Asker: 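The structure that follows is given in the form of structure tokens.
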Amino acid sequence: MRWSHTWIPTLREDPQDADVPSQKLMIRAGLIRKLAAGTFTYLPLGLRALRNAERIVREEMDRAGALEMLMPVLQPADLWKESGRFDGFGDLMCKFTDRNGHVNVLGPTHEEVVTHHVRSEITSYRQLPVTLYQIQTKFRDEIRPRFGVIRSREFLMKDGYSFDVSWEGLNKSYQAMYDAYQRIFSRAGLKFCIVEADSGLMGGDVSHEFMALAEIGEDVLVRCDKCGYGANREKAESRTPEKRWDIVHAPTFVPLQEVETPNVTTVDAVAKFLGIPPLRLVKTLIYKVKGEPVAVLVRGDHEANPTKLAHHFGTTEIALADAATIEKVTGGAMGFSGPVGLKIKKIADHALTSATNCVTGANKKDTHLINVNLDRDFTVDGFADLRFAMTGDSCPKCEGTLSLSHGIEVGHTFKLGTKYSEGMGAKFLNEKGELHPSIMGCYGIGVNRIVAAAIENSHDKDGILWPPALAPYPVHLVSVNPKDAKVAEASQRLLDQLAAAGLEALWDDRDAQAGVKFKDADLLGLPVRLTLGGRGVEAGTVDLKPRNQPAQRAVRMDDAVGEVKKALAEYAAAFAR
RNA sequence: CAGGCCGUGGCUCAGCCUGGCAGAGCGCCUGGCUUGGGACCAGGAGGUCGCAGGUUCGAAUCCUGCCGGCCUGACCA
């Protein structure tokens with residue numbers, strides 16, 4: 001493709017409204033343009049990359065035995081009311097009323113639609129199992145679109161749904177998708193990891209998130225450096241390293257004592273005021289669980305994890321108590337709560353098992369207690385894992401150490417079970433003539449996010465370094481002076497040879513300064529750059545520079561195709577996991 | 001949704017405080033000269049200063065409202 005025949009509007013400067021590297025580079029390299037908040041146009045070059053990502057997804061889904069179909073974006077709201085998710089999704093859903101007064105939604109996902117079709121058509125165990133998928137535009141009226149195409153209101157998603165006659169069948173279908181996902185993200189050249197995700201109180205027991213590792217990722221994940229354990233922040237278990245207490249604690253119990261702490265309420269402030277590390281404090285959080293006040297105790301430097309609380313209490317009706325409730329329950333002001341003398345149910349995080357001589361609120365305004373000890377000064381109704389894991393914690397599965405990293409969620413798999421099939425009547429007759437709901441799984445991939453994450457994973461100060469499978473073109477030919485007939489002729493000959501070998505090249509045939517073209521070539525980041533100028537034509541050579549190498553080298557024109565293939569193979573090897 | 005910031009040529013931005021002919025760099029067009037890492041010379045096109053109202057002899061500039069965008073937060077103790 002000639003540069004002069006396509007449309008690649010590169011920008012010299014960073015766009016004003018972009019903040020993350022992938023977004024800046026996608027705009028500067030002429031891949032996308034923003035239309036409005038959270039909506040983007042893919043220009044020719046960007047579309048090629050997006051189509052490459054899409055192709056990888058499609059090939060691997062097909063290989064895994066999934067069947068591609070295409071469902072409507074436009075869906076009747078009634079279906080969503082039937083599943084009970086119309087209100088659940090709420091304002092996240094784009095909706096409108098049509099001329100007949102019917103409420104329609106623009107699909108944010110397709111469980112309802114696919115379940116509707118399956119319940120009408122698939123009524124026998126003989127028709128199962130089946131895994132259906134589509135690659136299609138989804139709409140979500142995000143609270144806050146950001147990071148370019150990473151969180152947008154309109155995006156391309158691969159969504160798949162499996163239907164099985166049994167849980168064993170679901171496990172098999174799920175594993176097939178799980179394996180396909182690994183192949184997809186490997187082929188796309190992403191640095192990714194798979195983490196356990198919380199499946200909530202509803203539905204199945206297993207959920208995995210496929211995370212592209214990136215500093216700017218919105219999701220926090222916890223990983224073990226030794227055994228490969230990974231989980232998202234809501235789900236991650238951990239063990240508190242015992243020795244940290246031994247270091248900071250006095251060896252013997254010291255008498256309980258009241259101290260004045262005027263207007264000092266937060267953990268950090270109390271720690272600073274008393275000149276002790278935050279982990280010496282015990283945070284006492286008053287929650288309302290199904291309307292009942294409960295005290296949750298966690299170490300000062302730890303954070304209570306609402307998801308774990310929900311699991312512990314077996315309800316989602318959990319919220320921090322308001323100031324009035326806290327005063328009523330503790331007898332003291334907000335910010336000065338403590339377990340000593342507290343009458344309500346108290347549960348503590350495991351990390352407090354060995355807590356000695358710690359600091360708590362006194363349930364009295366402007367007062368804290370020091371040298372508080374479990375059993376001697378207060379008791380709890382139980383211990384549980386109630387907090388978020390943090391860097392330095394011990395792995396729950398082995399002796400390794402956990403660390404936090406950020407990730408972009410590029411894929412999510414979920415064992416749904418019978419939530420939708422039961423609720424929407426997607427049932428089949430088994431061989432005994434009994435009616436059963438299908439066992440469902442669902443599987444999503446953010447196709448745009450694959451592209452953005454790849455750039456996030458692979459760029460330098462000059463521009464993109466495309467993973468080979470996503471690169472809009474494998475080869476970038478820069479003709480230094482294309483007005484020179486000899487150069488133009490040699491360039492065309494080279495392009496023909498490359499094409500004959502199945503290598504499509506972007507040919508920068510612009511009448512521009514060489515420097516301009518080199519800068520643009522670095523920005524676009526195609527895997528292999530060839531440079532041809534007057535002196536090369538004279539010598540019968542062309543200069544070859546892989547995007548990930550600092551220097552170029554001259555190769556004979558006759559050997560160019562072979563050298564390009566070799567360079568592409570080496571380049572690809574650098575992206576192999 | 002709440003808080004903060006920002007809307008001036010295609011892009012990045014200055015001008016606004018202290019009202020008085022709408023600017024710069026890049027990009028674009030024409031010609032010249034150049035062509036191996038964002039050259040140079042000459043000429044040129046391009047802007048209802050987000051929208052509406054108000055104050056004023058006079059508003060990009062001050063005031064009010066609206067629209068759009070960006071950032072932060074939204075159980076963080």
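Letters A, B, ... mirror the listed sequences (proteins, then strands); counts begin at 1. Quick caveat, the model's predicted, so the values are computed rather than measured.
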Asker: Could you measure between the two C1' atoms, the one in B:A2 and the one in B:G15, and give it in whole Å?
Answerer: 33 Å
Asker: Side chain of A:Ala36, heavy atoms from C-beta onward: which of B:G38, B:G69, B:G36 has the nearest atom to it?
Answerer: B:G69
Asker: Is it the case that over 12 heavy atoms from other parts of the model lie below 6.0 angstrom from the NZ atom of A:Lys565?
Answerer: no
Asker: Under a 3.5 Å threshold, yes or no: a donor from one side chain and an acceptor from the other, between A:Trp466 and A:Ser458?
Answerer: no
Asker: Kindly write out the residues that satisfy ring pair (Phe, Tyr, Trp, His ring centres under 6.0 Å) with A:Phe336, not counting sequence neighbours, or none if the list is empty.
Answerer: A:His368
Asker: Given the C1' atoms of B:G69 and B:A24, what is the spacing between them in whole Å?
Answerer: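 One C1' to the other, the span is 24 Å.
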Asker: Taking atom C1' in both B:C71 and B:A39, what distance in whole Å separates the two?
Answerer: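 My reading of the C1' atoms in B:C71 and B:A39 gives 39 Å.
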Asker: What does A:Asp14 touch in the nucleic acid at a heavy-atom separation under 4.0 angstrom: a base, only the sugar-phosphate, or nothing?
Answerer: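 Sugar-phosphate, no base atom in range.
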Asker: Output, in order, the C-alpha distance, side-chain angles, deciding distance and verdict of salt bridge (charged side-chain N to carboxylate O under 4.0 Å, His left out) for A:Asp349 and A:Lys283.
Answerer: CA-CA 10 Å; A:Asp349 182 70; A:Lys283 263 195 277 203; over 6 Å; no
Asker: Count the heavy atoms of every other residue, nucleotide or ligand shown that sit under 6.0 Å from CD of A:Glu260, and state whether that count exceeds 12.
Answerer: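 Atom CD in A:Glu260 is not crowded, with 12 or fewer foreign heavy atoms closer than 6.0 Å.
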Asker: Under a 3.5 Å cut-off for both contacts, is B:A60 paired Watson-Crick or G-U wobble with anything, and if yes, with which nucleotide?
Answerer: none
Asker: Which ones in residues 473-483 of chain A lie close to RNA chain B, meaning a heavy atom under 4.0 Å from one of its atoms?
Answerer: A:Val480, A:Asn481, A:Lys483
Asker: Using only heavy-atom distances, determine whether the side chains of A:Ser4 and A:Asp509 contain a donor-acceptor pair under 3.5 Å.
Answerer: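 A pair is found: one side chain offers a donor N or O, the other an acceptor, under 3.5 Å apart.
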Asker: Can you tell me how far C1' in B:G19 sits from the matching atom in B:G54, rounded to whole Å?
Answerer: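 The answer is 15 Å between these two C1' atoms.
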Asker: Quick one, which residues of residues 515-531 of chain A touch RNA chain B with a heavy atom under 4.0 Å?
Answerer: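 RNA chain B contact set from residues 515-531 of chain A: A:Gly515, A:Val516, A:Phe518, A:Lys519, A:Asp520, A:Asp522, A:Arg529, A:Thr531.
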Asker: Report yes or no: is the cationic atom of A:Lys95 (NZ for Lys, CZ for Arg) under 6.0 Å from the centre of the six-membered ring of A:Phe86, at an angle within 45° of the ring normal?
Answerer: yes
Asker: Looking only at side chains, do A:Thr391 and A:Ser403 share a donor and an acceptor under 3.5 Å apart?
Answerer: no
Asker: Measure CD1/A:Ile27 against P/B:G27 and give the value in whole Å, please.
Answerer: 20 Å
Asker: Name the nucleic acid region contacted by A:Gln16, choosing base, sugar-phosphate or nothing; use a 4.0 angstrom heavy-atom cut-off, strictly under.
Answerer: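 It contacts sugar-phosphate atoms only.
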Asker: B:C40 and B:U35: how far apart are their C1' atoms, nearest whole angstrom?
Answerer: 12 Å
Asker: How long is the line joining CG of A:Asp508 and P of B:U35, in whole Å?
Answerer: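 These atoms are roughly 18 Å apart.
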Asker: Would you say A:Asn373 and A:Asn357 are linked by a side-chain donor-acceptor pair, where the criterion is simply a distance under 3.5 Å?
Answerer: yes
Asker: Distance between the P atoms of B:C62 and B:C16, in whole angstroms?
Answerer: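 So the two P atoms sit 9 Å from each other.
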Asker: Verify whether one side chain among A:Ser22 and A:Glu456 offers a donor that lies under 3.5 Å from an acceptor in the other.
Answerer: yes
Asker: Near RNA chain B, which residues from residues 549-560 of chain A have a heavy atom under 4.0 Å away?
Answerer: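 Within residues 549-560 of chain A, the residues near RNA chain B are A:Gln552.
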Asker: Is there a side-chain contact between A:Leu221 and A:His406 in this structure, where contact means two heavy atoms from C-beta onward sitting under 4.5 Å apart?
Answerer: no
Asker: B:G36, OP1 or OP2 - any side-chain N/O from A:Arg535 closer than 4.0 Å?
Answerer: no
Asker: Does any nucleotide pair with B:A2 by Watson-Crick or G-U wobble geometry, both distances under 3.5 Å, and what is it?
Answerer: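 B:U72 - that is the nucleotide pairing with B:A2, both distances being under 3.5 Å.
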Asker: Mind calculating the distance between CZ (A:Arg28) and C1' (B:C11) to the nearest angstrom?
Answerer: 11 Å
Asker: Taking a pair as Watson-Crick or G-U wobble with both distances under 3.5 Å, which nucleotide is matched to B:C49?
Answerer: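 No nucleotide pairs with B:C49.
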Asker: Here's one to test your reading of the geometry: is the NZ or CZ of A:Arg48 within 45 degrees of the ring axis of A:Tyr473 and under 6.0 Å from its centre?
Answerer: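 Here A:Arg48 passes the 6.0 Å and 45° test against A:Tyr473.
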Asker: Base, sugar-phosphate or nothing for A:Pro9? Non-hydrogen atoms, less than 4.0 Å.
Answerer: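 Since no nucleic acid heavy atom lies under 4.0 Å of A:Pro9, the category is nothing.
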Asker: With A:Lys138, which residues qualify under salt bridge (Lys or Arg N to Asp or Glu O under 4.0 Å), at least two apart?
Answerer: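 By the salt bridge (Lys or Arg N to Asp or Glu O under 4.0 Å) rule, A:Lys138 matches A:Asp159.
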Asker: Whole Å only: how far is the NZ atom of A:Lys24 from the P atom of B:U12?
Answerer: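 Computing the A:Lys24:NZ to B:U12:P distance gives 12 Å.
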Asker: For B:G50 versus B:G44, give the span between their C1' atoms, rounded off to a whole number of Å.
Answerer: 29 Å
Asker: Report the base-pairing partner of B:G25 (Watson-Crick or G-U wobble, both distances below 3.5 angstrom), or none.
Answerer: B:C11
Asker: Looking at A:Asp496, I want to see if its CG is surrounded by more than 12 non-hydrogen atoms of other residues, nucleotides or ligands under 6.0 Å.
Answerer: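 Count over threshold, so yes.
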Asker: Roughly, in whole Å, what's the span from CG in A:Leu11 to C1' in B:C26?
Answerer: 10 Å
Asker: Run the salt-bridge test on A:Glu292 and A:Lys345 with the 4.0 Å N-O cut-off and return the result as yes or no.
Answerer: no
Asker: Can you tell me the distance, in whole Å, between the NZ atom of A:Lys486 and the C1' atom of B:U35?
Answerer: 16 Å
Asker: Write down the distance between CD (A:Glu13) and C1' (B:G10), rounded to a whole number of angstrom.
Answerer: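 So the CD-C1' distance, A:Glu13 to B:G10, works out to 12 Å.
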Asker: Take nucleotides 71-77 of chain B nucleotide by nucleotide from the 5' end and write B, S or -, depending on whether a protein heavy atom sits under 4.0 Å from the base, only from the sugar-phosphate, or from neither.
Answerer: BBBBBBB
Asker: What integer distance in Å separates A:Arg12:CZ from B:C28:C1'?
Answerer: 13 Å
Asker: Describe the nucleic acid contact of A:Arg510 in one word from base, sugar-phosphate, nothing, applying a heavy-atom distance below 4.0 Å.
Answerer: nothing
Asker: Among the nucleotides B:G38, B:G37, B:C11, which one has an atom lying closest to any side-chain atom of A:Lys545?
Answerer: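 Among B:G38, B:G37, B:C11, the one nearest the side chain of A:Lys545 is B:G37.
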Asker: Using the C1' atom on both, measure B:A59 against B:U48 and round to a whole Å.
Answerer: 14 Å
Asker: Thinking salt bridges, do A:Arg510 and A:Asp520 make one under a 4.0 Å N-O criterion?
Answerer: yes
Asker: Taking only side-chain N and O atoms of A:Gln513, does any of them lie within less than 4.0 angstrom of OP1 or OP2 on B:U35?
Answerer: no
